[in-house]
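Please read all numbers here as calculations on a predicted model, not as lab measurements. The chains referred to below are lettered A, B, ... by the order of the sequence lines, with proteins before strands, and numbering in each begins at 1.
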Amino acid sequence: MAGISRYLIAVFVIFYTFHCFAVFSYKHEEDRTVFYIFQNVLMVLTHALAFYVLFVKTGDPSMLIICVVEEIMFFVFIIVFKYLYPRASRLITNNICMLLCIGFIMLARLSMTRATRQLITTAISMIIAAIVPYLIQKIYLVRYYYWAAAIAGLGILLAMLTKGTVTNGSRISLTVLGFTFLPSDLVKLLYIFFIAGMLTDEDHIDPDTGRADRPQLIASGIVALSYVGVLALCRDLGSALIFFIICLFMFYAAYRMPVILIGGTLGMGAASIVGYKAFAHVRNRVSAWRDPFADVEGNGYQIAQSLFAIGTGSWFGLGLMGGSPKSIPEVSKDFMFAAITEEMGALVGLCVILISLSNFLMFMNISIAIRDPYLKYMSLGLGVNYGFQVILTIGGVTKFIPLTGITLPLVSYGGSSIMSTLTAFAIIQGLYIMKDDLRE
Amino acid sequence: MRRREIWTIVFIFLAIFTAMMCHYAYFVQFGADSIINDSHNTRKKELAKQVIRGTIYAADGTVLAEEALDSMGREVRNYPYGSLFSHVVGFSTRGTSGLERAFDIDLLTSNAPVGEKIQKEMAGVRNYGDSIYTSLRPDLQMTCYQALGSYKGAIIVMEAKTGRILAMVSKPDFDPNTVSENWAAISSDEGDSPLLNRASQGLYPPGSTFKIVTLYEYIRENPDTYPAYRYNCTGSITVDDSRIECYHGSVHGEEDLLGSFANSCNTSFTNIGLGLDVTQLSDTCDSMLFNRVLPTDLAYSRSRIKLSSLSDTEDIMQAAIGQGDMLVTPLHMALITEAISNGGMMMLSQEAVRKTNYQGTLIEEYKPKEYRRIMSVEEAAVLRDYMKEVCNTGTGKKLAGLPYQVAGKTGSAEFGTVKGASHSWFTGFSNPDDPDIVVTVIMENGGSGSESAVPAAKRIFDVYYGIGG
């Protein structure tokens with residue numbers, strides 16, 4: 001059984017992914033129910049089989065315990081969510097669970113301690129995620145307090161800049177009351193609330209164009225750039241890039257001017273050149289991306305190990321416990337995708353990309369469907385944030401683009417990332433619930 | 001409202017996602033092979049736990065390397081020919097070398113039928129890795145081995161039109177079957193360095209074999225007047241206090257370019273060298289892959305040459321006759337010779353012909369590949385005629401009057417500080433009008449080219465053409 005498990009797992013995940021897109025052949029959500037249940041079955045099969053293999057290969061009985069606990073958690077989450085919010089998108093709920101499930105499998109394989117911690121933060125995040133859709137329907141006033149969001153976000157970032165802990169040359173984590181977290185994940189949500197609020201405040205809408213007036217645009221631009229600037233000072237250039245892109249796309253959608261996209265891209269290019277000249281670690285990452293094998297023992301080590309992992313794993317992978325993903329530094333964070341490819345295969349890897357793409361499309365779908373401009377821009381911002389994170393991390397790991405140190409949402413290890421991503425997904429679920437009332 | 005912009009954003013993301021997935025899939029399918037064979041990839045040993053390392057075959061189908069069980073029932077790597085193929089086939093028991101290294105991942109990858117693979121994986125049994133069929137010929141390899149005798153050095157036999165290696169011997173050698181057990185002794189033997197594949201990694205002064213390059217450069221710089229070249233050899237030449245003598249004090253008298261080359265006249269070639277444009281000569285050497293990457297799967301050293309407009313008279317005089325600040329590998333010399341035989345087109349040097357699964361089903365064919373044109377067809381034809389003359393009347397005339405025709409160049413490369421001690425070189429090819437094989441021989445401290453290397457080459461040509469024996 002353990003022998004062919006990797007093929008079975010690949011088949012399960014492929015079937016699951018297929019249904020992410022096949023459900024749309026049915027117009028009504030009721031007709032799709034059977035697909036969603038089938039997805040749940042495949043998810044359980046994947047998870048149970050993978051943990052069975054881990055148990056057989058390691059002989060560690062805690063594998064079975066964590067397996068059961070996780071499945072109970074998924075079960076409760078799916079049932080409770082469906083009961084509380086019958087109109088929420090079940091595809092989004094399933095995708096959240098499937099990506100978490102793949103992440104849990106690899107984490108348990110890599111480090112039981114981290115798997116357990118991830119399980120706990122996920123459980124807490126799921127409770128938050130169960131409340132958020134309710135809140136988002138009720139708390140309408142939040143949209144008018146965008147300046148409060150902006151100041152709070154900037155304050156947290158400045159605290160990170162002055163008091164943060166330095167990891168790998170970047171100042172990205174903050175410790176409060178004994179809990180260490182990555183503020184940029186939380187601040188990102190505040191930032192999106194802020195821009196969405198700025199762009200849609202009725203008091204500042206130009207009556208001629210129907211868009212936010214010039215002072216509003218300039219003010220939000222300045223705030224956005226100061227966020228990006230502080231992140232750059234923290235040397236968290238990956239996050240700085242994401243913040244910039246979010247702002248760019250939200251402005252573009254609001255002002256409908258392609259020149260924003262073009263100008264923004266040019267500006268980004270110029271900023272990249274400045275970053276390249278100013279920061280040694282940017283130069284290192286670019287040269288490691290160009291030719292990781294030029295300095296395979298040093299600068300290019302991480303990306304070379306990642307490529308070895310992906311290449312050796314090939315389409316079906318070496319099987320769980322069959323590879324050596326631990327040879328990749330930061331494997332459970334930035335390089336989770338390489339570990340998945342190494343042991344579960346590139347077919348599962350492609351499915352992870354497609355499931356993520358499916359999520360992105362669900363974010364954008366609601367952004368297109370919903371009428372309320374505030375919610376429209378907010379869901380757009382959240383979607384761009386999610387999609388771009390996926391591109392930066394998977395692109396970096398596969399040498400498509402230079403490494404940026406961004407983790408794969410829902411899959412990589414990291415409490416703040418799980419919490420902020422689940423919150424973002426819960427907001428989107430809230431919008432799906434309101435969709436029919438607010439349809440354009 | 002604002003739908004179009006959101007759709008635009010969706011399409012931008014879709015495009016990036018698609019490009020990223022294509023990049024990823026392309027890497028897994030096509031890009032990964034060359035990368036994962038890197039020696040820094042420690043995952044190979046993980047593969048070995050799942051796959052029984054494949055077999056390497058000779059051109060005649062005999063086994064060069066295979067997995068076998070020893071008397072205790074333990075799995076070992078067996079090399080039936082012992083030390084005969086020690087360098088080119090290499091070993092996989094203590095690190096990897098040779099073809100065992102170049103095709104490490106291929107041998108550890110199973111392309112057995114899918115049904116069988118799954119069945120075995122279910123049973124928890126390892127699958128069979130793929131096999132590599134090579135162009136190596138045990139008969140020629142044995143001849144080379146014997147022809148090299150007790151000399152240190154190397155012999156390469158290459159198919160002229162394809163660049164395929166038929167034989168490659170390097171001595172001193174070692175027994176790959178016991179390399180792991182005897183590792184301490186083998187790896188610490190710095191005097192003999194038996195692990196070094198002298199054929200591709202040994203760096204030697206090229207001596208007179210370099211006159212091929214000098215001649216080529218002279219013809220290029222004087223395309224119309226080179227047949228009119230005349231020189232009177234008095235046995236030595238002295239310029240700016242630097243003196244070059246002909247080998248063992250020979251005096252060649254009045255000679256043209258053909259005669260100078262055939263008799264390997266040092267003084268005449270020094271004279272030629274002094275008339276050359278040094279920068280252009282240096283460029284020519286670069287284009288012939290000096291200081292450059294060589295087209296081979298095996299571990300190799302780069303040939304070195306230091307020539308520039310700053311080189312002084314003595315440097316240039318020494319360079320013209322292949323002494324001085326330059327070193328070549330026998331494989332590089334064989335590749336240059338191959339290119340001349342092949343109308344100026346250098347082929348990729350290859351040992352592997354095809355990869356099959358363990359049952360013999362073809363997985364991949366390694367077709368002969370053109371690597372780089374190093375001279376025009378016409379220039380190659382001129383060099384070929386000059387090299388023919390060497391073997392008809394010149395220093396290689398032990399190869400004259402045989403049932404086959406040979407074109408080549410001898411060399412006696414002085415080394416170290418001992419006066420008169422030289423490595424014996426020969427590089428050439430048979431049947432120049434429709435070339436068959438390239439043979440390159442270097443015998444350390446073997447005296448002049450005609451003394452040791454030419455007779456060794458003759459034995460190899462004889463066996464190839466089925467003569468004598």
Side-chain angles (χ1 to χ4, degrees), chain A residues 1-7 210 249 252-256 258 261 293 296-297 301 304-305 307-315 318-319 322-324 327 341-342 346 349-350 353-354 356-357 360-361 364-365 367-368 371 373 376-377 380 383-384 387-388 390-391 394-395 398-401 440, chain B residues 1-51 104-105 108-111 114-115 117-127:
Chain A
M1 195 63 181
I4 57 160
S5 59
R6 52 180 154 163
Y7 301 105
F249 280 120
Y252 167 66
Y255 290 92
R256 303 186 188 179
L261 279 190
F293 297 97
V296 69
E297 299 285 359
Y301 184 77
Q305 287 297 328
L307 294 179
F308 289 154
I310 293 170
T312 315
S314 201
W315 293 110
L318 294 167
S324 40
S327 67
T341 312
E342 175 173 13
L350 277 177
I353 302 179
L354 285 168
S356 304
L357 178 62
F360 170 74
L361 293 175
M364 302 312 271
N365 179 42
S367 178
I368 288 170
R371 189 173 47 194
K376 194 180 197 65
Y377 294 139
L380 172 73
V384 168
F388 206 65
V390 173
I391 290 170
I394 296 183
T398 56
K399 205 173 90 71
F400 181 60
I401 50 171
E440 227 181 275
Chain B
M1 127 184 190
R2 285 133 175 91
R3 278 189 172 190
R4 210 178 60 153
E5 283 67 32
I6 299 179
W7 275 114
T8 310
I9 295 171
V10 168
F11 283 120
I12 291 173
F13 273 80
L14 273 179
I16 302 176
F17 265 91
T18 312
M20 188 169 76
M21 283 192 282
C22 291
H23 167 86
Y24 175 59
Y26 182 87
F27 173 75
V28 170
Q29 183 63 37
F30 303 106
D33 275 2
S34 57
I35 283 182
I36 58 179
N37 208 13
D38 190 283
S39 57
H40 295 92
N41 186 4
T42 50
R43 284 168 181 78
K44 286 190 241 179
K45 64 176 187 290
E46 307 290 342
L47 282 176
K49 290 181 197 153
Q50 303 187 3
V51 174
D104 204 11
I105 285 290
L108 285 173
T109 306
S110 178
N111 277 301
V114 176
K117 266 174 86 171
I118 292 179
Q119 223 173 16
K120 287 207 166 160
E121 285 191 22
M122 281 178 81
V125 184
R126 290 189 299 164
N127 275 290

Minimum side-chain heavy-atom gap [X]-[Y] below 4.5 Å:
{"X": "A:Y7", "Y": "B:I118", "result": "yes"}
{"X": "B:V28", "Y": "A:L350", "result": "no"}
{"X": "A:L357", "Y": "B:L14", "result": "yes"}

To the nearest 0.5 Å, how far apart are [atom1] in [X] and [atom2] in [Y]?
{"X": "A:I368", "Y": "B:R4", "atom1": "CD1", "atom2": "CZ", "value": "13.0 Å"}
{"X": "A:F400", "Y": "B:M20", "atom1": "CZ", "atom2": "CE", "value": "7.0 Å"}
{"X": "A:L318", "Y": "B:Q50", "atom1": "CG", "atom2": "CD", "value": "5.5 Å"}

Portion of [X] that has a non-hydrogen atom of chain B nearer than 4.5 angstrom:
{"X": "A:A309", "value": "both"}
{"X": "A:F388", "value": "both"}
{"X": "A:E342", "value": "side chain"}

If you compare all heavy atoms of [X] against all heavy atoms of [Y], which two are closest, and at what distance to 0.1 Å?
{"X": "B:I9", "Y": "A:A253", "result": "CD1-CB, 4.5 Å"}
{"X": "A:L307", "Y": "B:I36", "result": "O-CG2, 4.3 Å"}
{"X": "B:I6", "Y": "A:M364", "result": "CG2-CE, 4.0 Å"}
{"X": "B:A32", "Y": "A:G311", "result": "CB-CA, 3.5 Å"}
{"X": "A:I353", "Y": "B:M21", "result": "CG2-CG, 3.5 Å"}
{"X": "B:Y24", "Y": "A:G349", "result": "OH-CA, 3.5 Å"}

**Request:** Using non-hydrogen atoms and a 4.5 Å limit, figure out which bit of B:L108 sits close to chain A: side chain, backbone, both or neither.
**Result:**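 When you check distances to chain A, no heavy atom of B:L108 falls under 4.5 Å.
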**Message:** What part of B:Q29 gets within 4.5 angstrom of chain A, counting heavy atoms only: side chain, backbone, both, or neither?
**Reply:** both
**Set of side-chain contact (heavy atoms from CB on, under 4.5 Å) partners for A:I401, sequence neighbours left out** =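 Expected list: A:L392.
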**Fill in**
One option among A:G322, A:G319, A:G383, A:G313 has the most heavy-atom pairs under 4.5 Å with chain B, and it is A:G322
**Message:** For B:K120, give me all partners under salt bridge (charged side-chain N to carboxylate O under 4.0 Å, His left out), at least two apart in sequence or on another chain.
**Reply:**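 Only B:E116 meet the salt bridge (charged side-chain N to carboxylate O under 4.0 Å, His left out) criterion with B:K120.
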**Message:** side chain to side chain contact (heavy atoms under 4.5 Å, CB included), that's the test. Do A:L354 and B:F17 meet it? Break it down for me.
**Reply:** CA-CA 9 Å; A:L354 285 168; B:F17 265 91; over 6 Å; no
